[in-house]
Amino acid sequence: MDRFLVKAAVGGLKRRMEQEQTGGAGLSWRRIQAEGLDCDYTVLFGKAEADEIFQELEKEVEYFTGALARVQVFGKWHNVPRKQATYGDTGLTYSFSGLTLSPKPWIPVLERVRDRVSLVAGQTFNFVLVNRYKDGQDHIGEHRDDERELAPGSPIASVSFGACRDFFFRHKDSRGKHPSRRLAVVRLQLAHGSLLMMNHPTNTHWYHSLPVRKKVLAPRVNLTFRKIRPTTK
DNA sequence: TAGGGCCCAATTGT
DNA sequence: AACAATTGGGCCCT
């Protein structure tokens with residue numbers, strides 16, 4: 001059996017055990033797979049609980065302002081088309097637009113979501129990036145998450161609240177004017193209260209984006225939990 | 001009419 | 001030191 005199959009089997013077993021631990025709630029998972037792409041999707045929080053968490057996120061999360069909310073692209077400065085914040089374990093640092101920053105210390109609502117994700121994913125996380133999209137005009141372009149910052153092989157857990165948004169994966173060799181390969185775009189919708197587990201090696205082969213959707217009028221808050229490497233010096 | 005998808009424009013950091 | 005990452009606007013298609 002190759003190591004991917006072994007990993008899948010272990011993941012499946014873990015998941016089954018945790019479903020039992022969650023009181024037999026029996027989360028139903030959707031497996032999303034393509035060449036080098038391995039994700040699991042479920043709705044983690046029912047509407048009432050998701051509503052409550054969303055409200056608390058809206059009340060408590062403090063987003064970057066000023067220079068940290070701007071970016072230079074092709075010589076022109078822009079406000080990033082979303083709001084961002086980072087929270088995590090004390091003592092951690094990460095790099096962001098050429099700076100070394102510390103995440104803000106965890107707040108209760110983020111710990112609550114983190115702990116639920118840890119339970120069902122069988123993984124721990126020491127960091128979360130919060131992205132707030134005020135409406136369908138807010139978006140994020142195609143990118144991969146910075147792997148040098150991540151613990152090798154660790155998954156990224158993406159939890160969504162608020163407006164349902166389309167979400168795309170595009171293979172790294174299928175981008176640009178002259179793609180060397182033509183793999184289909186993988187399209188998902190990320191619903192209120194949902195969890196998308198992006199398992200290794202998804203992030204090494206596939207870019208992801210949240211496209212503009214002009215018909216969407218409501219805000220969405222997304223939490224991506226990660227395990228980032230402790231800073232060594 | 002307008003939403004959506006694709007391409008293009010420089011500079012900076014790694 | 002080669003290469004990757006970042007956004008908005010213009011064009012085209014439906």
Side-chain angles (χ1 to χ4, degrees), chain A residues 32 34-37 63-86 88 92-103 127-156 158 160 162-191 196 198 200-233:
Chain A
I32 296 128
E35 181 186 310
L37 184 150
Y63 294 95
F64 294 154
T65 57
L68 290 179
R70 290 177 69 74
V71 64
Q72 192 184 25
V73 183
F74 285 90
K76 290 181 187 166
W77 286 93
H78 305 279
N79 295 320
V80 295
R82 60 189 168 276
K83 286 183 168 177
Q84 301 184 296
T86 59
L92 279 183
T93 60
Y94 68 101
S95 49
F96 184 82
S97 59
L99 305 170
T100 298
L101 301 178
S102 298
F127 181 89
V128 64
L129 171 65
V130 185
N131 277 288
R132 182 180 190 275
Y133 304 89
K134 70 177 184 304
D135 58 29
Q137 306 270 18
D138 273 4
H139 63 281
I140 189 165
E142 279 185 5
H143 68 285
R144 290 179 291 180
D145 295 324
D146 187 355
E147 297 191 332
R148 294 160 315 168
E149 307 260 313
L150 297 172
S154 63
I156 295 167
S158 169
S160 298
C164 182
R165 292 288 295 266
D166 288 343
F167 183 82
F168 294 168
F169 284 105
R170 187 190 302 271
H171 193 276
K172 66 178 189 324
D173 298 339
S174 298
R175 305 168 66 245
K177 196 176 182 180
H178 303 293
S180 60
R181 309 181 61 200
R182 294 184 178 265
L183 299 178
V185 174
V186 175
R187 297 174 148 86
L188 305 176
Q189 292 195 310
L190 303 182
L196 177 70
M198 290 185 271
H200 189 72
T202 304
N203 188 51
T204 49
H205 301 298
W206 295 77
Y207 285 68
H208 54 273
S209 64
L210 191 88
V212 169
R213 284 294 175 264
K214 301 207 175 183
K215 293 171 189 164
V216 174
L217 304 177
R220 167 176 182 264
V221 175
N222 178 71
L223 313 176
T224 50
F225 293 93
R226 302 136 193 264
K227 183 179 283 187
I228 67 172
R229 301 156 56 151
T231 325
T232 52
K233 63 165 190 175

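Just so it is clear: chains get the letters A, B, ... in the order the sequence lines come, proteins before strands, and each one is counted from 1.
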Check: Can you find a pair of side-chain heavy atoms, one from A/N131 and one from A/L210, that are under 4.5 Å apart?
Finding: no
Could you state the atom-to-atom distance from [atom1] of [X] to [atom2] of [N] in whole Å?
| X | N | atom1 | atom2 | value |
| --- | --- | --- | --- | --- |
| A/E142 | B/dC6 | CD | P | 8 Å |
| A/I140 | C/dG8 | CD1 | P | 11 Å |
| A/Y207 | B/dC7 | OH | C1' | 16 Å |
| A/Q84 | C/dT6 | CD | P | 10 Å |
| A/H143 | C/dA4 | NE2 | P | 17 Å |
| A/R144 | C/dC3 | CZ | P | 14 Å |
| A/H78 | B/dT12 | NE2 | P | 14 Å |
| A/F74 | C/dA5 | CZ | C1' | 9 Å |

When we call it a touch if two heavy atoms are under 4.0 Å apart, what does [X] touch: a base, just sugar-phosphate, or nothing?
| X | answer |
| --- | --- |
| A/R70 | nothing |
| A/F96 | nothing |
| A/D146 | nothing |
| A/R175 | nothing |

Margin query: Treating A/N203 as the side-chain partner and A/D145 as the backbone partner, does any N or O pair qualify as donor plus acceptor under 3.5 Å?
Written below: yes
Note to self: Under a 3.5 Å distance rule, please check whether A/T93 uses its side chain to pair with a backbone N or O of A/T100 as donor and acceptor.
What the structure shows: no
Name the closest nucleotide to the [X] side chain, picking from [options].
| X | options | value |
| --- | --- | --- |
| A/Q72 | C/dT7, B/dG4, B/dT11 | B/dT11 |
| A/R170 | C/dT7, B/dT12, B/dC6 | B/dC6 |
| A/K177 | C/dG8, B/dG3, B/dC8 | B/dC8 |
| A/P81 | B/dG5, C/dT6, C/dG8 | C/dG8 |
| A/F168 | B/dA10, C/dT6, B/dG5 | B/dG5 |

Note to self: Taking only side-chain N and O atoms of A/R213, does any of them lie within less than 4.0 angstrom of OP1 or OP2 on B/dA2?
What the structure shows: no
Notebook entry, point to check: How are the rings of A/H208 and A/F169 set to each other: parallel, tilted or perpendicular (split at 30° and 60°)?
Noted result: perpendicular
Check: Will you find, in the side chains of A/R220 and A/S160, an N or O donor that is under 3.5 Å from an N or O acceptor?
Finding: yes
Next item on the list: Please figure out whether A/G75 or A/S95 has its closest DNA chain B nucleotide nearer the 5' end.
Entry: A/G75
Next item on the list: Assign each of A/G98 and A/G176 to its nearest nucleotide of DNA chain B by heavy atoms, then name whichever residue's nucleotide is nearer the 5' end.
Entry: A/G176
